[in-house]
Amino acid sequence: MLDINYIRQNPEEVAEMLKKRQQAEDSIRLDELLEFDIQRRQLVQKSDELKALRNKVSKDIATIKRTGQGSAEDLIREMKEVADNIARMNETLGELEEKMEAILLSLPNKLHIDVPTGCSSEDNVIYKEPIAFDHALDFPLKNHLDLGNTLGILDFERGAKISGSGFPVYAGKGARLERALLNFMLDYHTEKHGYTEIFPPFMVNEDSLRGTGQWPKFADQVYYMNEDDLYAIPTAEVPVTNLHREEILRDEQLPISYAAYSACFRREAGSYGKDTRGFLRVHQFNKVEMVKFTRPEDSYDALEEILHNAEAILKALKIPYRVLLLCSGDISATAAKCYDIEVWSPAENKFLEASSCSNFEDYQARRANIRFKPAGSSKPVFIHTLNGSGLATSRLMVSLLENYQTPEGTIIVPEVLRKYTGFDLID
RNA sequence: GGAGAGGUCGCAUAGUGGUCUAGUGCGCUCGCCUGGAAAGCGGGUAAGGUUAACAGCCUUCGAGGGUUCGAAUCCCUCCCUCUCCGCCA
């Protein structure tokens, strides 16, 4: 959420941002917002004056009643009218604030100066050229579906039977490999990168979704359990960032770094048909997420750190990847700057998004009301939140299986995972 | 799921319709005292809105509604915590 004071003082900057994000139609709503803002402040002043009067006269009435001197009838009649006026103003004020809230919640974040202007994913900029590793793949390659089927480690058909398409089943060594990957990543981030491990709930309430920005704009992408009014998390970002919702942190607590495993649930409504084969797009997948809370001045260094932390996993696994800097037309509404890490799929012959590392600045913090008291200051200030996948296993698994395949159709287990799998070959 | 108790300024508590602009203790902090400290004494000790203003005013006693000239206090709904019972990995 943007600061209404910032919007009021820099309306043309906000309009420019909307244009860059290809959200120019939102500028109508921006004009509305500014108009509501003026009305609201005028109304607040008037109603506060009336409230002050009511408070004062109510005290006078109390004095009269206590001392028994004179009659309060006239004052009470007068205040009845004032109370009616206040009630009417409150109603209008409530409506105004509701409308403003709706617009504010839907407006996207500011863009960092580094973000390239562009319309779509075509315009993303390569931030780090592809990094290759020496996998001898000079034979006819199988894709991850063939490999998974033949080796009996992935079962999409039975997954579809028990749940529906997009719910993969891992079996035998495949299940073990998935678990090895997750354990390896969690251990790596906690032991080498200084993250504190969190195991969060996988279902959250609406306030949490609003805090990180999935609600209300992207509510249709989230599974909802009507009976209990709970949402299945689309990423651990949601519960972990919301750990500190409505809190004022102490300066010396910062920065806070959390790493969390969670299953991630996404409806992926409207995306049937594109990239839906196998692991490329699923409704449930596993991910280790890194989340940071920092002082505002530290957040861009922290973003580079998160990127490095995610890259370290791929380097350790020797999985080829590249890093993109997302352009203004492709970056998510909540992020001010975002890197995508894409892993190489030799069978699909393309890069697949496996991680997104974003700085949200104070956009989520303002929604979730997460603040800290800077040293030597008495006023609390919104912190900056960041997160990055470190990483999602589904796409990672595609790349791993395909890059580590042998001419015999078996899979060599990456060296760093062997102490987790207990075997070095899937056959 | 059923029954009961309860949610007040960091913590603990007081407050059952109008001197509550929410008191007291602890903690924290500043000052006095002291060679220095402890004790003691005195002061301070939330967030948000409005505003040029850290002046004034307004809002907030779990959340939201209601009654009233006036609500921490009365009524309704919801949420959470605790105790007991039931069910259960």
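Just so we're clear, the structure is a prediction, and the values are computed from it rather than from any experiment. Below, chain A is the first sequence line, B the second, and so on; all start at residue 1.
Protein atom CD of Gln253(A) is 15 Å distant from nucleotide atom P of rG10(B), rounded to whole Å. If you measure from atom CZ of Arg366(A) to atom C1' of rA47(B), you get 16 Å, rounded to the nearest angstrom. One interatomic measurement links the two molecules: NZ of Lys59(A) to C1' of rG17(B), which rounds to 16 Å at whole-angstrom precision. Between the CG atom of Asn205(A) and the C1' atom of rA63(B) there is a distance of 13 Å, rounded to whole Å. Rounded to whole Å, atom C1' of rC9(B) lies 12 Å from atom CD1 of Ile248(A). Here rG48(B) presents its C1' atom at 11 Å from CD of Glu97(A), a figure rounded to the nearest Å. For the pair Asp60(A) CG and rU19(B) C1', the computed distance is 13 Å after rounding to whole Å. Atom CG of Leu53(A) and atom P of rU59(B) are 12 Å apart (whole Å).
Comparing rU59(B) with rA5(B), their C1' atoms are spaced 31 Å from each other, to the whole Å. For rU21(B) and rC32(B), the C1' atoms lie 29 Å apart once the distance is rounded to whole Å. Nucleotides rU60(B) and rA71(B) have their P atoms positioned 8 Å apart, rounded to a whole Å. Using C1' as the reference atom, rU83(B) and rU45(B) are 36 Å apart when rounded to the nearest Å. Nucleotides rG7(B) and rA12(B) have their C1' atoms positioned 14 Å apart, rounded to a whole Å. rU81(B) and rC76(B): their P atoms are spaced 23 Å apart (whole Å). Nucleotides rA38(B) and rU29(B) are separated by 11 Å at their P atoms, to the nearest Å. A distance of about 26 Å separates the P atoms of rG64(B) and rC54(B), rounded to the whole Å.
In this structure, rC33(B) makes no Watson-Crick or G-U wobble pair, since no nucleotide meets both defining distances under 3.5 angstrom. Pair check for rU45(B) finds rG27(B); Watson-Crick or G-U wobble, both atom distances under 3.5 Å. Searching all strands for a Watson-Crick or G-U wobble partner of rA72(B) with both distances below 3.5 Å returns nothing. Base pairing of rU77(B): its partner is rA63(B), meeting the Watson-Crick or G-U wobble criterion (both donor-acceptor distances under 3.5 Å). With a cut-off of 3.5 Å on both Watson-Crick or G-U wobble distances, the partner of rA55(B) is given as none. Across all strands shown, nothing is found opposite rU16(B) as a Watson-Crick or G-U wobble partner with both distances under 3.5 Å. The pairing partner recorded for rG86(B) is none, the criterion being a Watson-Crick or G-U wobble arrangement whose two distances lie under 3.5 angstrom. Across every strand in view, rC9(B) sits unpaired, with no contact that passes the Watson-Crick or G-U test at under 3.5 angstrom.
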Let me check something: any side-chain donor-acceptor pairs from residues 255-262 of chain A under 3.5 Å, sequence neighbours excluded? List them with distances.
residue: Ser257(A); atom: OG; partner: Lys292(A); partner atom: NZ; Å: 2.9
residue: Tyr258(A); atom: OH; partner: His244(A); partner atom: NE2; Å: 2.8
residue: Tyr261(A); atom: OH; partner: Asn286(A); partner atom: OD1; Å: 2.8

Distance-only donor-acceptor pairs under 3.5 Å for side chains of residues 379-390 of chain A, two or more places apart:
residue: His384(A); atom: ND1; partner: Ser299(A); partner atom: OG; Å: 2.8
residue: Thr385(A); atom: OG1; partner: Gln364(A); partner atom: OE1; Å: 2.7
residue: Asn387(A); atom: ND2; partner: Glu237(A); partner atom: OE1; Å: 3.3
residue: Asn387(A); atom: ND2; partner: Glu237(A); partner atom: OE2; Å: 3.4
residue: Ser389(A); atom: OG; partner: Ser356(A); partner atom: N; Å: 3.0

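No close placement of the Phe279(A) and Phe285(A) rings is indicated, their centers lying 6.0 Å or farther apart.
No contact: Lys46(A) has no heavy atom under 4.0 Å from any strand. Nucleic acid contact class of Arg250(A) (heavy atoms, under 4.0 Å, all strands): none.
Asn369(A) and Arg371(A) form a side-chain donor-acceptor contact under 3.5 Å, judged by distance and modelled atom types alone. Using a 3.5 Å distance cut-off with no hydrogens or angles, the side chains of Glu342(A) and Tyr321(A) do not pair a donor with an acceptor.
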So which protein nitrogen or oxygen atoms get under 3.5 Å of nucleotides 76-81 of chain B's nitrogens or oxygens?
none

Under 3.5 Å, N/O pairs linking protein and nucleotides 66-70 of chain B:
residue: rC69(B); atom: OP1; partner: Lys80(A); partner atom: NZ; Å: 3.0
residue: rC69(B); atom: O4'; partner: Ile76(A); partner atom: O; Å: 3.4
residue: rG70(B); atom: O4'; partner: Ser58(A); partner atom: OG; Å: 3.3

Enumerate the protein-to-nucleotides 51-57 of chain B contacts in which both atoms are nitrogen or oxygen and the separation is below 3.5 Å.
residue: rU51(B); atom: OP1; partner: Arg41(A); partner atom: NH1; Å: 3.3

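For Tyr339(A), the side-chain hydrogen bond (donor to acceptor under 3.5 Å, both in side chains) criterion is met by Tyr127(A), Glu304(A), Lys337(A), not counting sequence neighbours.
Remark: Lys110(A) is not positioned above the aromatic ring of Tyr363(A), lacking an NZ or CZ atom under 6.0 angstrom from the ring centre and at most 45 degrees off the axis.
To the nearest 0.5 Å, the span separating CG on Leu186(A) from CD on Glu289(A) amounts to 11.5 Å. One distance of note links CD1 of Ile426(A) with OG1 of Thr421(A); it measures 7.5 Å at 0.5 Å rounding. Of the inter-residue distances, the one linking Glu157(A) atom CD with Leu154(A) atom CG reads 12.0 Å to the nearest 0.5 angstrom.
Residues Arg40(A) and Asn369(A) each lie close to RNA chain B; by heavy-atom proximity, the contact nearer the 5' end of the strand is made by Asn369(A).
Checking side-chain atoms of Glu402(A) against main-chain N and O of His144(A) turns up a donor-acceptor pair under 3.5 Å.
Using cut-offs of 30° and 60° for the angle between ring planes, the Phe202(A) and Phe199(A) rings count as parallel.
Two residues are said to be in side-chain contact when any heavy atoms from C-beta on lie closer than 4.5 Å; Arg267(A) and Val222(A) fail this criterion. You'll find the side chain of Ile162(A) stays beyond 4.5 Å of the side chain of Phe167(A), heavy atoms only.
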